[in-house]
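Below: one structure, written as structure tokens.
Just the heavy atoms: all of them, side chains too, but no hydrogens, waters or symmetry mates, feed the values below. Everything quoted here is computed from the prediction, not taken from an experiment. Note that ligands are numbered from 1 as they come in the structure, with each ligand's atoms numbered from 1 the same way.
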Amino acid sequence: MSKITTFGSRFGTISVVGSSVIGLGNIWRFPYIAGENGGAAFILTYVIITLMISIPLMLSEFVLGRGSRRNSVRAFRKFDEKKSLFWRYFGVVGIATAISILSFYSVIAGWAIKYLIEAVKGTFFTQSPEQLTSLLNNFTTSGWHSVSFTLFVLVVCCGVVSLGMEKGIERYSKLLMPIMFVILVAMCINSFTLPGFNTAIEFLLTPDFSKINTGVVMEALGQSFFSMSIGLGAMITYGAYLPKTENLFKISGYVAISDLTVAVLSGLAIFPAVFSFGINPTSGPDLVFLTLPNIFAQMTGGYIISIMFFFLLIAAAMTSIISLIEVLTRYICEEFQIKRKRAIVIVWGLISILSSMCVISQMPDSKIVVAGMNLFDFFDTISSNYLMPIGGAITAIFVGWFVSKDKICTELTTNRTYGVLIVGTIYRLVKFVIPIVIALLFLNGIGLFKM
Ligand code: PHE
């Protein structure tokens, strides 16, 4: 029997899982979604959803992964006692989700590399706000120029995955995670010195409950799934590397806390500067690539801070891309019985084509339109608004209704004694609450049910 590879230490485990979870979702998405949806009221909704839905789902995925030691598709097969056709292939939805996230995510990572180069060249200091706007527009619609940055990102990330879990993914995660935290904390300390700090704190931490409606709750759900990397089997794949001795509650707790901390710290690193220079925080994804370069240009120490920020963005994006590539690679290796390196070449080829199409679909005269959107927006929308919540709900139904409770609880606790209350609560959340809440929000979202 072949030896089972597991993470080397608890620090290794938290770094690997944490570095998948911490990504553009925290730095690029969370600050502007929170800004658009009522600041602290959104954060509170987000925390409740993470506690009641995302953490129990992460635990469910860990259980499926560690209990089967298989890829995200085969894990369902191994746990399904009736061996039905549906569960045999259900995991493929997660594979499609991983492909769709990778396709647009690597494009943004490519932009971050371009912006790191511009930061080092000091471009933000020599160009007017209008010139910086055209820099972004020209670059994102430049076709092959932008594609080359995306392809570079994919080569580096595939290179790390090809080294395997211990020598590749775990080693780089252990190196990059602490660096990311140090950069973020340094940026937050700098934020303290800015005149807009108090306004930012107020904006982030005073709840405006009048903003909370079902649309915002749905937004928080999508953001929590995206940020916690759940609903597509990434945590099944990483769960397969978890040692039996590892305490799953602690891991998911630490990971959720790190995820929220980084998201809020990113807000604290970004908003004080935004307010200090009198800019509206609700400027959407452009916040990171348009607003911030303008702000860096006016800030004392802006040169160093801009370099740190774009380095942080690249590190966060690449470690998440690596986790998605690992999901696909492990699936291809096990399912089609081929060597890891060959599987990676297949993944690289496929994602290179799709992400290049995403870039090309952003060009002004592009004919690539899906459901009224360019391909980039299409992949972004279907993955976090549809595929991940549906994937999460169906995974919860599987764990709650199709596998025996004993099997789940034994794997969850590996026979240690935990408060019956905790295990029971998690189990009930997975079995009843998660499928019902997601179904209601979803039906409401598509207009079939009024809340
Ligand atoms: N969690 C990552 C982020 O916050 C994105 C991601 C989603 C990574 C799903 C892996 C799987 O950016």
Self-check item: Basic-acidic side-chain contact under 4.0 Å: E166, R171
Solution: no
Any protein N or O within less than 3.5 Å of an N or O in ligand 1? List each pair with its distance, or say none.
{"unit_1": "ligand 1", "atom_1": "1 (N)", "unit_2": "S20", "atom_2": "O", "d": "3.3"}
{"unit_1": "ligand 1", "atom_1": "1 (N)", "unit_2": "V21", "atom_2": "O", "d": "3.0"}
{"unit_1": "ligand 1", "atom_1": "1 (N)", "unit_2": "F226", "atom_2": "O", "d": "2.8"}
{"unit_1": "ligand 1", "atom_1": "1 (N)", "unit_2": "S227", "atom_2": "O", "d": "3.0"}
{"unit_1": "ligand 1", "atom_1": "1 (N)", "unit_2": "S229", "atom_2": "OG", "d": "2.9"}
{"unit_1": "ligand 1", "atom_1": "4 (O)", "unit_2": "V21", "atom_2": "O", "d": "3.0"}
{"unit_1": "ligand 1", "atom_1": "4 (O)", "unit_2": "G25", "atom_2": "N", "d": "3.4"}
{"unit_1": "ligand 1", "atom_1": "4 (O)", "unit_2": "N26", "atom_2": "OD1", "d": "3.3"}
{"unit_1": "ligand 1", "atom_1": "12 (O)", "unit_2": "L24", "atom_2": "N", "d": "3.0"}
{"unit_1": "ligand 1", "atom_1": "12 (O)", "unit_2": "G25", "atom_2": "N", "d": "2.8"}
{"unit_1": "ligand 1", "atom_1": "12 (O)", "unit_2": "Y105", "atom_2": "OH", "d": "2.5"}

Practice problem: May I ask you to say whether R77 pairs ionically with E335, meaning some side-chain N is under 4.0 Å from a carboxylate O? | Solution: yes
Quiz item: Is NZ or CZ of R29 both nearer than 6.0 Å to the six-membered ring centre of F226 and within 45° of the ring axis?
Solution: yes
Exercise. Establish, for the pair R330 and Y241, whether the NZ or CZ atom is under 6.0 angstrom from the six-membered ring centre and no further than 45 degrees off its axis.
Key: yes
Quiz item: Taking only residues two or more places apart in sequence, or in another chain, which ones meet E118 in a side-chain hydrogen bond (donor to acceptor under 3.5 Å, both in side chains)?
Solution: K114, T123
Quiz item: Salt bridge check: are R340 and E326 linked by an N-O gap of less than 4.0 Å?
Solution: yes
